[in-house]
Amino acid sequence: MTDQISTPAGTENVTSETPAIQLIGLTKKFGDTTVVNNLTLDIRRGEFFSLLGPSGCGKTTTLRMIAGFSDATQGRILLGGQDVTSVQPHKRNVNTVFQSYALFDHLDIEGNVGFGLKRKGLDKAEVARRVNDMLELVDLQGRKNAKPRELSGGQKQRVALARALVNRPEVLLLDEPLAALDLKLRHRMQVELKEIQREVGITFVFVTHDQDEALTLSDRIAIMNNGVVEQCGTPEDVYERPKTVFAAGFIGTSNLMTGTYSAGAVTVAPGIRIELPGHPELLDGSTASIAIRPEKIWIADFEPDMVRVHGQVAATVYHGATTQYLVNISPEIQLTVVEQNLVRSRHDDRWSDGDSVEIGWKPEHVVVIG
Amino acid sequence: MSLQVEDALVDATTEKRRSPTRTRLWGVLLAPPAIWMIVFFISSIAIVVMLSFGHVNDVGKAVFGFSLDNYKALADPVYLKVLLRSAMFAIATTVISLVLGYPVAYTIALHGGKYKNALVAFLVIPFFASYLIRMYAWSTLLADEGLVNQLLRDTGLTEGIRFLNTPGAVVAGLVYGSIVFMVLPIYASLERMDTALIEAGKDLYHSPLQTFFAVTVPATRAGMLGGVLLVFLPALGDFVSAQLLGGPSTYMIGNLIQQQFFEGHDQPLGSALTVVLMLALLVFMVFYLRATQRVNRET
Amino acid sequence: MATDAMTQARRGRSVEGKPKFAVAFTALFMFILYVPIVVVVLFSFNSKKSLSVFGGFSTRWYQQFFHDEALLSSLRASLLIAFVAMLASIVLGTMLALALERVSSRPARITGTVALIPLVTPEIVTGVAALLFFAGLGMKLSLVTVILAEITFSISYVAVIVRGRLSSMSDEVEEAARDLGCTPFQALRLVTIPTILPALIAAGLLIFALVFDDFVLAFFTTGVDPQPLSVRIYSEIRMTISPAINAVGTCMLLVSVLLISLSLIVPRLLGRKDSSLDLISGG
C-alpha cells in the first residue's frame, strides 16, 4: 500500500534518510469500532504530506496519535527514528495547528506565540526575538498585543500556525486548519501555507477532506478510507493513476466502468465493448474496472490511435471555462466529459441534448484498477 | 459505507479520548469533591432515613431503631391535613407562577428589543435579596396595620382586609419567592425558539391567541417544565412563608419538620416527615423526568 | 412571505406589534417585584417607629444597628461564613466540574448526577440532614458547622456553573497547551483555569451572595453565639417589629446587589462575554 516500507531504525543509525515519521501497524479501536486499521506509512523529512479522506476515515485520529492526544491500540509511531508510541504529548517534538485554532483567550498574540518557547525555558529576549520573527513571517507584527477575540478568522489561523511553528518542531501537524475559513481566504491561506512550508523546511502533515486542497499543497498524499490507506503517492500519482476504486472516485470525478475482460476489450454492458489495448497482465474472463478522467475524453477531432465509443448527449452544463457533457453510452452507463471552452475549439455549442455523438480517448489515459 | 457505520465512526473520532496519565489527573481532581459530597451529603441523608425508624428514649434522646411507628403516627388526620395542604400550596404556587411568569418571559424575549438583557438583570436582582428579608417585607406590607391596609383605609372603601394568616398570603409569598425561576427557563426557551414559527402560525390560525396556544406554547414546553421543577421543589419544602405570612392554620410540612427539631424535640418523627417530603419529591421527579424525556423526543 | 418574516425575525425578533396588554402586565409585574424591597429600604430611613406611616428621613435605625454589638457580630459571622464557603466551594466545585467534564467513565457520570442532587433537594431536607449528621458526630453546632453545610450546598452550584463554562471551551485548547509542552497539570494551571477565570469570579460572587443571604441551612446548623445575620433577623422578626430590621435588611440588600452587579460587570471588565447573567439565565 505504501511505496516503501522501512524497518524501524534505532537512535544510533539515524541519518538524513530516516523518515520524519514512521507509522508501523498503527491501529486504533474505540470499543468495537476500528477507526485506524493496521496503518503503515513513512513520511519523509521536509515534505508536505496530506492525509486525505472523508469524515470518519481515521485521518484525524491518526494525526492525534502522532501528536500523542490519543493512544494507539496497537502498532508503533517513530519520530525521526525514535519510538514515541508511549511518549506524552508535551515530550514529543511535534506541534499541532488545530481546526478550531484553540488559541488561549487570556493571552495576547505575543503570549500565545511565545507560550511553547516559555515552556521550554528560553530566556525572555530569545523568546521575544523568535516571536517577532515568526509574527513577521505570518504578517502579524502589528497585532502583537491584540487578544485572540479581536482577530479575524484568517488572522487567528496565522497565530495558530505561528504558535506551532515558532517551536521549530520536527513535524508540524495540521488538522483541517483551513476548514473554518471562507473560500477566498482559504485559497489565499493555501498559497501562504505552501510558501511558509518551503521557507521553514519543516515536515508538514496536513489532514483534510478537501481533495483540491490536498492536490494543490502536497508533495505526497495518502488517501484514507475506513481506517486504511487506499493509496499513497504524489498528487499526480493519485490523480492520474488511482489504484483503487475509492481513490478514483474520491479524487476528482472519474468515469468508472466495470466489466469482463476478453481479447483486448472490456464488456461493460451488453453489447458495449471498450477496447483496452496494452494490458497484457489482464487475463481473459477476469473482471476489470477502468477509470477515465472526464477531461481526458474527447468529443470530436479525434486522433488516430484513440478508442472511440458511440453515445448520446443526455445533458450539457456550461461552467464558464469548461463545458460538461453527460453522455450515455448505454442505458445504464453515463460518462462525464469535460471540454475546455477554448476560442480555437470549433465545436462550441455544437452539441446539445439528444445529439448522437462519438467520444474517444487515448488508451494510455485509461486507468485499470484491480 | 452505510450511514450508521459512518455516523458511528464520526462519533468515535469526535468522542473524548484521553491518555491514561490525563485520566489520573482527573481522578485526583474528582476525589476530594466526591469524598466531600459522600461524607457531608449522602451519609447525612442516610442518617435522616435511618433515624426516621428510631424513637425518642426515656431521657428524651433520639435513638436509632427499626420501627415504623413514626410513619404510622403520620397517618393521623392532623398530619395528613398538613401534607395535603403543602401539596395544594405547592401546586397552586407553581400554576400561578406559570400563569404570571409566562407573559413576562414572553414580553421580554419577544418584545424586549435592545433592553432585553437589562430587563432580565432588572428581573433577577430582587431575587438576590435575602428570601427572608423579602418575606419579612411582605409581612410588614400586608400586616393589619401595614402599608397596604393603611392605603386601603385612606381610600375610605374598606376598614381594611385581613391578609396575614390566610392561605392566599402564604401562596403569594411562595410565588413572590421563586417566580423568577419560572420566568428564566421560559425566557431561555423563547429566546431559542425560531420566531418564524410564529409567523407561519399566523398564516394557519385565525387569532394571535390561537397561534400562541398552537405554536408558541408547545415550542416552549421544555422551558415551562424546567420552571415547574424549579418552583415546585422549593415551594413544597418551604416553611418561611407560612411562618411569616401565615400561622398554624396554614402550616406546611416544612413547618412541621422545623417544629419537631426546634420545639417538639422529636427528631425521629421530624426525620420521618423529612423522608416523606423526599419521597414526595422523588415521585415528582420521576414524573418530571418522564415528561422531559417525552418533550425531548418530540422536539 | 416566509423569508420576509424570517429576516424580520432575525433583525429585531419583534414579530408582531407590541401587545399593549403584555407590556403593561410586565411593567406591573416588575413594579410589584420591587414594591417590598423599596418599602424595606424606605422605612429603614423612617424617623418614626412605624412600618406604615413615614414620618420623615432619619438614620436612627442605622445608628441603632451599628451600635448593636450582637447584630454586628452576626454581620461579621455572615461575612466570614460566606467568604470561607465561597473559597472552599469554588475550589472543590471547580475540581468536580473539571473532572466531570473530562472523564466519561461510569463512576464519574454517577458522581456527576449525585453532585446535582443538592440542587433539587429542598433546603430544609439538607438542613435537617446536616443537623443530624453533626449531632451524630457529636459536633457542637457553631459557625464551623454552618460553613461546612454551606460548602456542601455550594459545591453543586459551582460545579454546574463551571461545567457550563467548560463545555463551551473546546477540548483542543487544553490539547494545544499539552502540545506546546505542558504537563496535564500545567495545562490546567496555565490555560484552563485562566480561560475560565471570569466565570469562576462570577460564580464566586454569586455563591457569596447566596450564602450570605441564606437562612434555612444556617438556621438548622448554627450554634448560639454568634448567629448568622439571617438567623438573628429571623428571631427578631418573630419577637418584635422594628425598623431596625429594615436597616439590617437594607444593608443585606446592598451587599447582594453589589455582589450581583460585580458578577455581571467583572467578566466584561476582563473582556469576556460570559457574565453571570448568562450563567443564571442559561442564555
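Naming convention: chains lettered A, B, ... in sequence-line order (proteins, then strands); numbering from 1 in each chain.
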Participant: Is N95(A) in contact with chain C via its backbone, its side chain, both, or neither, using a 4.5 Å heavy-atom distance?
Facilitator: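 Both parts, heavy atoms under 4.5 Å.
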Participant: Before you tell me yes or no, could you show the steps for D213(C) and S256(C) under side chain to side chain donor-acceptor pair (under 3.5 Å), namely the whole-Å CA-CA distance, both residues' side-chain angles and the distance that decides it to 0.1 Å?
Facilitator: CA-CA 8 Å; D213(C) 283 341; S256(C) 311; 2.8 Å; yes
Participant: Does Y157(C) OH have over 12 foreign heavy atoms under 6.0 Å away?
Facilitator: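 At most 12 heavy atoms, drawn from other residues, nucleotides or ligands, come within 6.0 Å of this atom.
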Participant: Measure distances from T183(C) to the heavy atoms of chain A and classify the residue's part below 4.5 Å as side chain, backbone, both or neither.
Facilitator: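 The answer is both parts of T183(C).
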Participant: When you look at OH of Y34(C), are more than 12 heavy atoms from neighbouring residues, nucleotides or ligands closer to it than 6.0 Å?
Facilitator: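 Counting neighbours around OH of Y34(C), more than 12 heavy atoms of other residues, nucleotides or ligands fall under 6.0 Å, so yes.
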Participant: Please determine if R163(A) forms a cation-pi arrangement with F104(A), meaning its NZ or CZ atom is less than 6.0 Å from the six-membered ring centre and no more than 45° off the ring axis.
Facilitator: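 Verdict for F104(A): a cation-pi partner in R163(A).
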Participant: Quick one: of E172(C), Q186(C), M169(C), who has the most non-hydrogen atom pairs under 4.5 Å with chain A?
Facilitator: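 With the most close heavy-atom pairs to chain A, the winner is E172(C).
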Participant: Going by distance alone, is a donor N or O of one side chain under 3.5 Å from an acceptor N or O of the other, for D83(A) and T85(A)?
Facilitator: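 Distance-only check passes for D83(A) and T85(A).
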Participant: Is A187(C) in contact with chain A via its backbone, its side chain, both, or neither, using a 4.5 Å heavy-atom distance?
Facilitator: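 Looking at A187(C), nothing touches chain A.
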Participant: Heavy-atom distances under 4.5 Å only: say whether L103(A) touches chain C with side chain, backbone, both or neither.
Facilitator: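 Contact with chain C: backbone only.
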